[in-house]
2 protein chains.
Amino acid sequence: MSSAQNAIERFSRYQRQLGGDQSAHCAVRDVLDRIGDKWSMLMIMELATRSQRFSELHRAIPDISKRMLTQTLRDLERDGLITRHVFPTRPPTVEYRLAPLGQSLLDPMAALIDWADRRYSDIHAARVRFDGAPGDVPR
Amino acid sequence: MSSAQNAIERFSRYQRQLGGDQSAHCAVRDVLDRIGDKWSMLMIMELATRSQRFSELHRAIPDISKRMLTQTLRDLERDGLITRHVFPTRPPTVEYRLAPLGQSLLDPMAALIDWADRRYSDIHAARVRFDGAPGDVPR
DNA sequence: CTGGATCCAACCAGATACTG
DNA sequence: CAGTATCTGGTTGGATCCAG
C-alpha cells in the first residue's frame, strides 16, 4: 500500500513537471513501451529460465515470426536487458542471455505476473458481465 | 529473488502446458495486452490520484485523442478495473473511479514504475552505447 | 543456423465533423 | 460535456526469398 502510494505521488510529480508538454521524456512511458510490447516480457521470462539460442527461442514461442523475434531481441539487447553471444562455429551459433539489468526486472515482473494470475478470474468475470449487460443479448 | 523464481517456475509450467498451442488462453499475456497498451497504465495512475471526469482526464493527458480515451476507458471498465458513474445533469457528468480490482493493481504497477525510475539511466546508457557501437558513425 | 531485405495486407489510431 | 462516426495515413507484422 505504501509503496503504491509512493509511486502514485512520484507519478503525480511527473505529470506536474511535464505540464502540457507530454512529448518530453518520461521514463515510465519509455520503459512501458518496451516491456509492454507483445513479446518482450515473454522473451525475458524465457531467458530467465535459461540462456537460449535463436532457434530455441523460436521453438519455445512458436507464434512469433522470425522477423519479430529478431527485432525484439535487438531491442532488448539495445536496452541492455539481454546480451548476445556469437560463437564462430559452422553453422553459426548465437546465444542470448539475460543481462544483470534484465535480471533486475524479474522481481517487478513477477509481481505483475502474480497479480495477473490471481486476478484473472475476476477480470474474466467482469468481462462476461460487461459483455452480457448492455443489450442482454441472448440471441 | 524468491518471488521472481516462483513466477519463473509458474511461467515455465504455463509454457509446457500450452505446448505448441499458444493460441490457448494465457492469463499473463491477456493481462499484459491490457496494461501494456499505450494508455491503460497512465489512466490507472491518473485515477489512482483521484476520481476524474472525462474532460479532466483529457486535460491531464493531453496527447491522447478523445477516441483513444473513450476506448481505453471502456476497456478498463470492461475488465472491472475502473467504474463509470453517470450523473443525469445538464450537461452530462461522467465520473470514472478506480475499482477495487484496479486498486489491487497499484502495488505491482508501483514495483514496475519504481524499477523504470531507478534503471532508466542504465537503459539510456545502454542505448547510447548500442547505437554508437555498430558503425561508430561520427558523421 | 541465424538472420537481413523486401513486399504487402491488416490493423491501429489521429483528425475531423457531428450528436444528445 | 461526453462521446460517436467516418475517413485515412502510418505503422505493424506476417510471408517469402536470400545470404553468410
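Here the structure is a predicted model, which means the values were calculated and not measured. Values below: all heavy atoms of this structure, side chains included; hydrogens, waters and symmetry mates excluded. Naming: A, B, ... by sequence-line order, numbering from 1 per chain.
- For B:Trp39, the side-chain atoms get nearest to C:dG14 when compared with the rest of D:dG13, C:dG14, D:dG3.
- For B:Lys66, counting side-chain heavy atoms from C-beta on, the closest listed nucleotide (D:dG3, C:dC1, D:dT6) is D:dG3.
- Nearest to the side chain of B:Val94, among C:dC7, C:dG14, D:dG3, sits D:dG3.
- Among the atoms of the strands shown, none is found under 4.0 Å from any heavy atom of A:Phe87.
- Distances were taken from every side-chain heavy atom of B:Arg59 (C-beta onward) to each of D:dC17, D:dG13, D:dC1; the shortest belongs to D:dC1.
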**Request:** For the pair B:Arg84 and B:Glu95, evaluate salt bridge (Lys or Arg N to Asp or Glu O under 4.0 Å) and give the outcome as yes or no after the intermediate values.
**Result:** CA-CA 6 Å; B:Arg84 183 172 179 269; B:Glu95 189 176 271; over 6 Å; no

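- What you find for B:Leu101 and B:Gly80 is that their closest heavy atoms are CB-O, 3.3 Å.
- Contact between the side-chain N/O atoms of B:Ser65 and the OP1/OP2 oxygens of C:dA13 is not found at any separation under 4.0 Å.
- Side-chain N/O atoms of B:Tyr96 include one lying less than 4.0 angstrom from OP1 or OP2 on D:dG3.
- One atom, CG of B:Leu57, and another, C1' of D:dC1, lie 13 Å apart when rounded to the nearest Å.
- The CE-P distance, from A:Met68 to C:dC11, rounds to 16 Å in whole Å.
- Between the side chains of B:Asp37 and B:Ser40, at least one donor-acceptor pair of N or O atoms lies under 3.5 Å.
- Side-chain proximity of A:Pro91 to the nucleotides C:dC1, D:dG3, C:dT2 is greatest for C:dC1.
- Under 3.5 Å, the side chains of A:Gln52 and A:Glu46 contain a donor-acceptor pair of N or O atoms.
- A pairwise comparison of heavy atoms in B:Ile123 and B:Trp115 identifies CD1-CH2, 3.7 Å as the closest pair.
- In this structure, B:Asp37 places its CG atom 12 Å from C1' of C:dA13, rounding to the nearest Å.
- Rounded to whole angstrom, the span from the CD atom of B:Glu95 across to the P atom of D:dA2 amounts to 10 Å.
- Using a 4.0 Å heavy-atom distance criterion, B:Arg53 is classed as a sugar-phosphate-only contact.
- Nearest-nucleotide mapping onto DNA chain D: of B:Ser55 and A:Ile64, the residue sitting toward the 5' end is B:Ser55.
- The CG-C1' distance, from A:Asp63 to D:dG13, rounds to 13 Å in whole Å.
- Among the nucleotides C:dT2, D:dC1, C:dT6, the one closest to the side chain of A:Arg67 is C:dT6.
- Comparing C:dA13, C:dT2, C:dG3 by their closest approach to the side chain of A:Arg74 singles out C:dG3.
- Taking atom CG of residue B:Leu73 and atom C1' of nucleotide D:dT4, one finds them 15 Å apart after rounding to whole Å.
- For D:dG3, the OP1/OP2 oxygens have a side-chain nitrogen or oxygen of B:Arg84 closer than 4.0 Å.
- The phosphate of D:dA2 has neither OP1 nor OP2 within less than 4.0 Å of any side-chain N or O from B:Thr70.
- Regarding A:Lys38, its NZ atom lies at a distance of 14 Å from the P atom of D:dT12, rounded to whole Å.
- Protein atom NE2 of A:His58 is 13 Å distant from nucleotide atom C1' of D:dG13, rounded to whole Å.
- Between B:Ile35 and A:Leu112, the shortest heavy-atom contact is CD1-CD2, 3.6 Å.
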